[in-house]
Amino acid sequence: MAQPIEDHGIIGDLRTAALVTLDGTVDFLCWPRFDSPSIFASLLDDERGGHFRLSPTLDRARQCQLYLPDTNVLLTRFLSHEGVAEVSDLMAMDEPGPFRDSHAPQRLIRRAKAVRGPTRFCMVCAPRFDYGRATTTAAIEDGHAIFRAEGVHFALRLRCSVQLQLHTDGVIAEFDLEAGETAAFILEDASHPVPETEAEDCVVIHFKATLNAWRSWVARSSYRGRWRDVVNRSALALKLLTSVEHGSMVAALTFGLPEQIGGVRNWDYRYTWLRDSTFMIYAFLRLGHTGEAGAFMRWLAERQGDACDDAGDAGGENGPLQLMYGLDGHQELDEQDLPHLRGYRGSVPVRIGNGAWNQLQLDIYGELMDAIYLSDKYGEQVSYRGWQGITRSMEWLACNWQQPDEGIWETRGGRQHFLHSRLMCWVAFDRAIRLSGKRGLPAPIKDWLKTRDTIYREIHEEFWDPEQQAFVQSKGSTALDASCLLMPLVRFISPTDPRWLSTLRAIGEHLVDDSLVYRYAADGADGLHGDEGTFTMCSFWYVECLARAGDLAQARFLFEKMLGYANHLGLFAEELGAAGEHLGNFPQAFTHMALISAAHYLDRALTAREGSAAG
């Protein structure tokens with residue numbers, strides 16, 4: 001059975017990333033990019049997925065993992081009365097700055113160490129190319145293992161400091177280490193020449209350089225408040241999900257992990273959602289990491305330019321922008337099943353691609369405009385071409401904001417008039433008006449003002465349920481939706497407005513379970529069968545709403561309770577199940593963004609209250 005989702009750490013090099021289990025197995029890695037086919041995916045099928053295991057043969061050893069502080073260098077320890085052993089894992093980050101050479105050789109580096117007592121280790125490296133669909137062959141050449149597959153354009157090389165043997169799974173090594181001794185393993189693209197440096201020395205060099213690179217990046221953070229370690233860990237996780245080559249980011253590292261064990265909500269999150277990426281900008285800007293925001297804005301400007309070139313001023317049927325793209329901006333992400341994979345704990349189908357890529361989701365324009373407005377204020381200012389793309393998008397939105405759409409949750413049960421989509425359309429016009437006025441940029445301000453105010457009135461008149469005294473999910477419905485928690489966060493409504501406070505109480509009564517928040521009642525309204533867990537990002541939104549409403553004691557209480565649901569490394573998946581188990585793709589960027597936002601606001605509010613009390 002696959003290791004639980006929460007029993008994983010993540011390492012990466014800003015081009016791809018890997019998951020490492022508590023038992024020392026790399027059971028998920030796409031190579032060479034986040035959205036490339038997998039080479040290790042035993043998390044989804046222990047027979048066909050491929051894996052890279054490195055662990056001691058200690059009897060009844062306890063296992064624990066930790067990151068070296070302020071880095072993404074992972075240590076897995078095995079503690080037994082027989083001895084203590086350790087496995088270090090990292091992906092090489094050799095440049096001292098936040099962005100490394102995107103053409104440098106990629107290396108997954110593993111080091112085994114006997115900490116106390118002589119220890120026997122076992123290593124098995126068995127990649128399976130192309131999501132396990134290609135037949136992989138292994139050979140030992142000049143002491144190195146070479147892995148190839150027909151139809152795959154690259155080969156992998158495993159260099160190490162111990163003797164390798166061919167095995168039915170790939171290659172294997174069994175070796176003994178005395179206390180203090182180490183063994184090195186380096187998995188890399190075989191097209192690069194073999195370095196003259198021995199594997200052991202190579203690992204030492206990369207280990208030090210990678211530590212320095214991550215610590216240098218964390219040191220740039222401006223956050224000095226409470227929960228600093230938690231916030232820095234979330235920032236490091238977000239950074240791991242960004243692309244050094246393109247400036248875009250993936251919503252999560254994985255594909256196919258279920259929102260319900262045995263259910264059908266098994267999506268591929270290795271793409272760039274405009275919505276998720278704009279929240280990434282909020283998070284990085286709050287922490288002073290303006291470079292990441294600027295890199296994404298340049299990537300976005302290219303997408304806007306492409307949209308203008310392809311569709312002209314009018315935009316396509318679903319708008320001038322898609323809701324998601326490939327990391328390099330490619331547009332078609334057609335969904336397909338991988339029936340040969342058994343799925344995480346039997347959850348099928350395992351999907352790659354994402355059929356939501358061509359949905360209509362009007363809210364993305366509001367999230368984009370909010371991010372552009374903040375980036376212009378705190379980072380790089382909007383360019384001439386960028387403003388052209390913005391005005392064309394706004395022209396399309398002015399004619400289409402009243403359409404029904406699939407909404408933030410990407411429902412597959414037909415389009416509706418969703419509150420969240422209307423809300424973010426209001427944000428789009430509001431931020432465009434503000435940016436135009438601030439920078440003196442040309443725009444049809446009178447028309448934008450009229451549209452913004454029309455949307456404002458419609459939300460209050462047509463999405464308000466007087467019986468529940470709450471804003472509802474969609475026009476004409478009585479269902480509640482946790483996405484409305486963004487209403488005060490985007491400054492549509494005061495966090496202490498009576499209408500908002502009664503909505504917040506309704507959310508608390510119907511969607512909140514202790515500190516955990518459901519995004520909506522999963523009763524088939526999204527077009528899919530089955531249940532799902534609580535959404536961790538919605539829980540952090542709820543915390544921030546409580547804090548903004550003035551209930552700082554309850555907000556802090558729930559925030560710190562939520563931190564207890566993180567895994568042993570401070571990482572969150574998309575959802576939490578009934579027993580607190582992690583569900584959905586992992587680690588999820590949106591959750592860590594929401595955590596940073598809640599921690600940032602709550603810390604400031606608590607400090608202000610303490611200062612007021614002291615005065």
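Keep in mind that the numbers below use all heavy atoms, side chains included, and drop hydrogens, waters and symmetry copies.
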Quiz item: Of all heavy-atom pairs between Phe284 and Lys239, which one has the smallest distance, and what is that distance?
Solution: CZ-N, 4.0 Å
Quiz item: So, Arg303 versus Gln331: side-chain donor-acceptor pair below 3.5 Å or not?
Solution: no
Exercise. Find the distance between CZ (Arg159) and OG1 (Thr197) and round it off to the nearest 0.5 Å.
Key: 8.0 Å
Exercise. Specify the closest pair of heavy atoms between Ile364 and Leu321, including all atoms of both residues, with the distance to one decimal.
Key: CD1-O, 4.1 Å
Practice problem: Go through the steps to decide whether Glu410 and Trp273 satisfy the test side chain to side chain contact (heavy atoms under 4.5 Å, CB included), and finish with yes or no. | Solution: CA-CA 12 Å; Glu410 299 174 0; Trp273 270 256; 2.5 Å; yes
Quiz prompt | Expected output: side-chain His582 to main-chain Tyr565 donor-acceptor under 3.5 Å | solution = yes
Quiz item: Taking atom types as modelled and ignoring hydrogens, do the side chains of Tyr282 and Asp370 form a donor-acceptor contact shorter than 3.5 angstrom?
Solution: yes
Quiz prompt | side chain to side chain contact (heavy atoms under 4.5 Å, CB included) assessment of Asn72 paired with Tyr67 | solution = CA-CA 6 Å; Asn72 282 311; Tyr67 284 110; 4.1 Å; yes
Quiz prompt | Heavy-atom pair of closest approach, residues Pro69 and Arg215 | solution = O-NE, 3.2 Å
Quiz item: Can you find a heavy atom in the side chain of Glu380 that is under 4.5 Å from one in the side chain of Met297?
Solution: no
Quiz item: Is the closest basic N to carboxylate O distance between Asp430 and Arg452 below 4.0 Å?
Solution: yes
Quiz prompt | Heavy-atom check, side chain of Leu240 versus side chain of Trp214, under 4.5 Å | solution = yes
Quiz item: Backbone N or O of Gly353 within a donor-acceptor pair of the Tyr271 side chain at under 3.5 Å?
Solution: yes
Practice problem: Please answer whether the main-chain N or O of Ala371 pairs with a side-chain N or O of Ser375 as donor and acceptor at a distance below 3.5 Å. | Solution: no
Self-check item: Inter-residue atom distance Leu108.CG - Ile186.CD1, 0.5 Å rounding
Solution: 10.0 Å
Self-check item: pair Leu14-Met93: side-chain heavy atoms closer than 4.5 Å
Solution: yes
Quiz item: Does any non-hydrogen side-chain atom of Leu602 lie less than 4.5 Å from one of Arg556?
Solution: yes
Quiz item: Among all residues two or more places apart in sequence or in another chain, which pass the ring-ring contact (aromatic ring centres under 6.0 Å, His included) test with Tyr131?
Solution: Phe255
Practice problem: Taking His592 for its side chain and Ala589 for its backbone only, find out whether a donor-acceptor pair lies under 3.5 Å. | Solution: no
Exercise. Output all residues satisfying ring-ring contact (aromatic ring centres under 6.0 Å, His included) with Phe34, sequence neighbours left out; order by chain, then residue number.
Key: none
Quiz item: Side chains of Trp227 and Glu560: donor-acceptor distance under 3.5 Å anywhere?
Solution: yes
Quiz prompt | Other residues, nucleotides, ligands: >12 heavy atoms within 6.0 Å of Lys208 NZ | solution = no
Exercise. Looking only at non-hydrogen atoms, find the nearest pair between Ala605 and Leu552 and report the distance.
Key: CB-CD2, 3.6 Å
Exercise. Verify, without hydrogens or angle tests, whether Gln588 (side chain) and Ala252 (backbone) share a donor-acceptor contact under 3.5 angstrom.
Key: no
Practice problem: Working to the nearest 0.5 Å, report the span between CG of Leu595 and OG1 of Thr536. | Solution: 9.0 Å
Quiz item: Between Trp409 and Phe535, how do the two ring planes meet: parallel, tilted or perpendicular, split at 30° and 60°?
Solution: perpendicular
Quiz item: Within the side chain of Ser515, is there an N or O that forms a donor-acceptor pair under 3.5 Å with the backbone of Leu558?
Solution: no
Quiz item: Is any side-chain heavy atom of Asp328 less than 4.5 Å from a side-chain heavy atom of Arg33?
Solution: no
Self-check item: With sequence neighbours excluded, residues passing ring-ring contact (aromatic ring centres under 6.0 Å, His included) with Phe207
Solution: none
Quiz item: Taking it one step at a time, do Arg519 and Glu259 satisfy salt bridge (Lys or Arg N to Asp or Glu O under 4.0 Å)?
Solution: CA-CA 13 Å; Arg519 55 180 177 169; Glu259 296 174 20; 3.7 Å; yes
Quiz prompt | Validation row: Gln304, Ile372 side chains within 4.5 angstrom (heavy atoms) | solution = yes
Quiz item: Just how far is it from atom CH2 of Trp31 to atom CG of Leu187, taken to the nearest 0.5 Å?
Solution: 5.5 Å
Self-check item: Ser36 and Arg270 side chains, donor-acceptor separation under 3.5 Å
Solution: no
Quiz prompt | Arg439 atom CZ: more than 12 heavy-atom contacts under 6.0 Å | solution = yes
Quiz item: Can Thr21 and Asp7 be counted as having a side-chain donor-acceptor contact under 3.5 angstrom?
Solution: no
Exercise. Please report the C-alpha distance between Tyr223 and Ile596 in whole Å, then the side-chain angles of each, then the deciding distance to 0.1 Å, and finally whether the side chain to side chain contact (heavy atoms under 4.5 Å, CB included) criterion is met.
Key: CA-CA 10 Å; Tyr223 183 80; Ile596 290 171; over 6 Å; no
Quiz item: What's the spacing between Met394 CE and Ser436 OG if we round to 0.5 Å?
Solution: 10.5 Å
Practice problem: Work out which heavy atom in Pro32 is nearest to a heavy atom in Phe154; give both atom names and the distance. | Solution: CD-CE2, 4.3 Å
Quiz item: Between atom CG of Leu238 and atom CZ of Arg233, what is the distance when rounded to the nearest 0.5 Å?
Solution: 11.5 Å
Practice problem: State which residues pass ring-ring contact (aromatic ring centres under 6.0 Å, His included) with Phe296; sequence neighbours excluded, sorted by chain then number. | Solution: Trp299
Quiz item: Any salt bridge (charged side-chain N to carboxylate O under 4.0 Å, His left out) pairs touching residues 353-367, not counting sequence neighbours?
Solution: Arg275-Asp363, Arg275-Glu367
Exercise. Taking Asp13 for its side chain and Thr16 for its backbone only, find out whether a donor-acceptor pair lies under 3.5 Å.
Key: yes
Quiz item: Would you say Asp229 has more than 12 foreign heavy atoms packed within less than 6.0 Å of its CG?
Solution: no
Quiz prompt | Stepwise ring-ring contact (aromatic ring centres under 6.0 Å, His included) check, Phe429 with Trp401 | solution = CA-CA 11 Å; Phe429 287 102; Trp401 66 266; 7.8 Å; no
Self-check item: Side chains of Asp334 and Trp357, donor plus acceptor under 3.5 Å
Solution: yes
Quiz prompt | Test log, rule salt bridge (Lys or Arg N to Asp or Glu O under 4.0 Å), inputs Asp376 and Lys438 | solution = CA-CA 10 Å; Asp376 185 90; Lys438 173 188 170 186; 3.5 Å; yes
Quiz prompt | Side chain proximity check, Leu571 to Phe586, heavy atoms < 4.5 angstrom | solution = yes
Quiz prompt | Side-chain touch Trp448/Thr391, heavy atoms, less than 4.5 angstrom | solution = yes
Self-check item: Distance-only side-chain donor-acceptor flag, Ser597 / Glu544, under 3.5 Å
Solution: yes
Quiz prompt | Val231 vs Asp603, side chain to side chain contact (heavy atoms under 4.5 Å, CB included): CA-CA, chis, key distance, verdict | solution = CA-CA 11 Å; Val231 168; Asp603 179 71; over 6 Å; no
Quiz item: Listed by chain and number, what are the side chain to side chain contact (heavy atoms under 4.5 Å, CB included) partners of Ala566, not counting sequence neighbours?
Solution: Phe572
Exercise. Compute whether any side-chain donor of one residue and acceptor of the other, for Asp189 and Ser191, lie under 3.5 angstrom apart.
Key: yes
Quiz item: Which atom pair, heavy atoms only, marks the closest approach of Leu569 to Gly9?
Solution: CD1-CA, 3.4 Å
